[in-house]
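Everything below concerns the one structure shown next.
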Protein chains: 2
Amino acid sequence: MYLELRHLRSLQAIHRTGSLARAAEHLHLTQSALSHQIKALERHFALPLYHRRHRPLRLTAAGEELLALAERLLPEVAAAEQRLRRVAEGDSGRLHITIECHSCFEWLIPTLDRYRGRWPEVEVDIRLGTHFDPLPALARGDIDLVISSDRVALPDIAFAPLFDYEAVAVLARDHPLTARERLGPEDLREQILITYPVAEERLDVFTRFLAPAGVRPAAVRQSELTAMILQLVASRRGIAVLPDWVVADYLERDYVSARPLDTAGEAGEPGLRGTVYAAVRAAEAERASVAGFIALAREALALRGSSQS
Amino acid sequence: MYLELRHLRSLQAIHRTGSLARAAEHLHLTQSALSHQIKALERHFALPLYHRRHRPLRLTAAGEELLALAERLLPEVAAAEQRLRRVAEGDSGRLHITIECHSCFEWLIPTLDRYRGRWPEVEVDIRLGTHFDPLPALARGDIDLVISSDRVALPDIAFAPLFDYEAVAVLARDHPLTARERLGPEDLREQILITYPVAEERLDVFTRFLAPAGVRPAAVRQSELTAMILQLVASRRGIAVLPDWVVADYLERDYVSARPLDTAGEAGEPGLRGTVYAAVRAAEAERASVAGFIALAREALALRGSSQS
DNA sequence: CAAAATAATGAAATAATTTCATTATGTACC
DNA sequence: GGTACATAATGAAATTATTTCATTATTTTG
């Protein structure tokens with residue numbers, strides 16, 4: 001095991017240029033270095049590769065064999081290096097996405113469609129996993145992009161804000177609480193709260209609204225689908241807390257009512273506001289295929305905002 | 001231009017063994033060396049090849065690309081090295097033969113037939129060239145074996161004796177000179193000498209028989225074919241000097257007569273004796289395909305000798 | 001959370017490649 | 001045939017690359 005691509009490149013260059021000296025120039029070497037290299041090769045195989053009493057150097061049968069190998073292999077190597085260069089520039093590769101935000105499908109699917117058109121060489125996929133922690137999985141390379149609203153200080157992970165939202169309480173149209181302009185934690189104590197099937201510590205309504213006030217709702221029901229949650233709300237089986245833009249459509253159709261929350265404990269404007277981020281490995285944040293996805297997502301979200309208002 | 005087979009072999013070994021440490025063992029390296037090597041590769045391509053927070057090390061998209069290259073290339077390299085090893089051992093390659101001895105076809109053709117059976121991978125060919133000097137051509141690799149009776153002291157050329165012969169004068173059966181038991185140079189002064197179409201300085205009859213005595217025949221005629229020369233002799237158009245074994249058949253059939261020559265000037269037994277050699281490049285003399293040819297030729301010649309006597 | 005396994009790191013040692021300066025060899029031209 | 005030119009080979013020294021050693025950092029596993 002000794003033969004290296006260097007040797008094949010030399011063989012090929014000597015063949016192309018017809019002489020050691022000219023080949024050496026092409027390879028950015030001295031004639032001496034090439035001569036030594038070829039001799040070392042010959043010593044290794046215990047075979048002459050060139051007929052030495054011939055000027056222009058002529059290959060032996062063994063030399064022909066190696067040259068043929070070079071002609072077969074080197075184009076493949078060059079092609080692979082070319083592909084790698086494209087991966088390095090971020091024009092190809094893989095983009096496996098996980099969303100923590102259950103209601104994000106709405107804009108994600110059309111964004112992915114546009115993305116596939118622009119970067120056809122990137123293998124995109126959505127990895128749905130309620131069963132694993134997305135950020136560690138991102139760090140270790142299981143997935144490449146996480147859409148999430150909790151920003152954790154993690155080394156090597158970069159967070160790009162996608163959009164801001166305000167979580168609002170969603171109520172049946174004739175729910176007594178619609179009488180109030182803004183709901184506080186206490187207002188939920190007697191209520192049934194309907195959430196996505198996610199641990200409570202990962203739901204803002206618990207961590208930032210109820211828990212600080214030491215309130216627990218009367219019961220918690222869970223549902224995977226946004227439409228189902230709203231149906232439950234509309235039929236007075238409970239109330240939900242969802243991002244404003246998720247319920248916008250339903251409000252317009254007068255399917256349900258909504259009221260902002262009163263986060264008295266927090267600084268700044270009242271209301272349970274948050275930001276949805278795209279989290280990526282910092283090392284890859286600059287890559288065209290990654291930054292490109294984020295840009296497309298923002299475009300899609302901006303459009304949504306304008307059509308909504 | 002930096003990627004080397006070494007890198008591909010490493011990638012493959014890491015993939016096969018599942019860990020740097022075990023791969024390093026396989027490659028007869030330390031774990032540290034492999035780690036450095038991979039890191040240098042990543043630096044070169046400005047790309048991570050492995051997801052580092054993953055313990056059985058897992059390839060990135062770029063790494064997969066390179067591994068695929070390795071899986072494609074390395075078997076080809078191994079096969080080529082295998083073929084080279086066979087060439088080195090002399091089991092394949094090329095054997096281009098030139099004969100200086102015009103009458104050698106007789107045993108050469110059947111010998112080549114047997115040779116092809118034994119070394120089917122060797123490309124054999126007879127290169128007839130009255131137009132080039134065989135020994136320099138041999139030295140420079142244009143041809144691989146020369147059958148010749150003049151042994152020249154040349155570096156890097158080895159001479160293997162094939163058989164001894166005695167050149168005899170061939171005469172028409174009723175030629176007056178048949179009265180003599182042995183012919184001297186003077187006997188040829190009035191004769192027409194028929195030779196192969198070769199320069200006189202390369203014919204023993206001139207250099208070792210006539211020239212030392214300062215004799216020239218009355219005329220010289222040339223013919224390419226042995227049968228033609230003998231026909232001319234038989235029809236009294238001249239006399240020829242040929243190796244004994246060439247004329248043996250014709251003598252047996254009483255087609256012509258023959259008389260030995262009297263080389264009074266030379267030491268040892270009388271008669272214009274000589275040896276036919278196989279000349280090869282010294283570096284290749286030991287190779288099975290070369291030594292094998294010589295052995296087969298000697299066998300063929302030994303058989304001929306025995307059937308003749 | 002501790003222990004075990006595995007990989008990364010930096011500096012020093014080793015090995016390899018390359019260069020320089022020169023010699024040797026082959027080719028072409030007279 | 002010999003001389004000039006082009007080209008390749010050679011050996012020692014310098015440079016560069018690779019490998020190792022000793023150690024630390026990280027991840028996985030029980």
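None of the values given here were measured: they were computed from a predicted structure. So you know, we letter chains A, B, ... as the sequences are listed, proteins then strands, and number each from 1.
Between the CD atom of B:Glu4 and the C1' atom of D:dT16 there is a distance of 14 Å, rounded to whole Å. Regarding B:Gln37, its CD atom lies at a distance of 14 Å from the C1' atom of D:dT20, rounded to whole Å. Summarising the geometry, the separation between CZ on A:Arg58 and C1' on C:dT27 is reported as 15 Å, rounded to the nearest angstrom. A straight line from CZ of B:Arg6 to P of C:dA16 spans 11 Å, rounded to a whole angstrom. Atom pair A:Leu5:CG and D:dA17:P shows a separation of 17 Å (rounding to whole Å applied). One interatomic measurement links the two molecules: CG of A:Leu34 to P of C:dT18, which rounds to 8 Å at whole-angstrom precision. Rounding to whole angstrom units, CG of residue B:Leu27 and P of D:dT20 are separated by 11 Å. Rounding to whole angstrom units, CD of residue B:Glu25 and P of C:dA7 are separated by 12 Å.
Among residues two or more places apart in sequence or in another chain, the salt bridge (Lys or Arg N to Asp or Glu O under 4.0 Å) test is passed with B:Arg85 by none. The side chain to side chain contact (heavy atoms under 4.5 Å, CB included) check on A:Thr207 picks up A:Asp204, with sequence neighbours excluded. Here A:His7 pairs with A:Tyr2 under the ring-ring contact (aromatic ring centres under 6.0 Å, His included) rule; sequence neighbours left out.
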Name every donor-acceptor pair, under 3.5 Å, that has one atom in a side chain of residues 66-73 of chain A and the other anywhere in the protein, sequence neighbours excluded.
| from | atom 1 | to | atom 2 | distance (Å) |
| --- | --- | --- | --- | --- |
| A:Glu71 | OE1 | A:Gln12 | NE2 | 3.0 |
| A:Glu71 | OE1 | A:Arg16 | NH2 | 2.9 |
| A:Arg72 | NH1 | B:Glu76 | OE1 | 2.3 |

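Of the charged side-chain nitrogens involved, at least one lies within less than 4.0 Å of a carboxylate oxygen, so that B:Glu200 and B:Arg216 count as a salt-bridged pair. Between A:Arg52 and A:Glu42 there is a salt bridge, since a side-chain N of the basic residue sits under 4.0 Å from a carboxylate O of the acidic one.
Atom CD in B:Glu4 sits 5.0 Å away from atom CG in A:Leu5 (nearest 0.5 Å). With values rounded to the nearest 0.5 angstrom, B:Ile38 atom CD1 is found 5.0 Å from B:Tyr50 atom OH.
Where A:Leu29 and A:Arg53 each meet DNA chain C at their nearest nucleotide, the meeting point lying more 5' is that of A:Leu29.
Rounded to 10°, the helix from C:dC1-D:dG30 to C:dC30-D:dG1 has 50° between the axis fitted to its first five pairs and the one fitted to its last five.
The shortest distance between side-chain heavy atoms of B:Leu47 and B:Thr60 does not fall below 4.5 Å.
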Please list, for nucleotides 4-10 of chain D, all pairs of protein and nucleotide N/O atoms separated by less than 3.5 Å.
| from | atom 1 | to | atom 2 | distance (Å) |
| --- | --- | --- | --- | --- |
| D:dT7 | O2 | A:Arg55 | NH1 | 2.9 |
| D:dA8 | OP1 | A:Leu20 | N | 3.1 |
| D:dA8 | OP2 | A:Leu20 | N | 3.0 |
| D:dA8 | OP2 | A:Ala21 | N | 3.0 |
| D:dA8 | O4' | A:Arg55 | NH1 | 2.7 |
| D:dA9 | OP1 | A:Arg52 | NE | 2.6 |
| D:dA9 | OP1 | A:Arg52 | NH2 | 3.1 |
| D:dA9 | OP2 | A:Ser35 | OG | 3.1 |
| D:dA9 | N7 | A:Gln31 | NE2 | 2.8 |
| D:dA9 | N6 | A:Gln31 | OE1 | 3.2 |
| D:dT10 | OP2 | A:Lys39 | NZ | 3.1 |
| D:dT10 | O4 | A:Ser32 | OG | 2.9 |

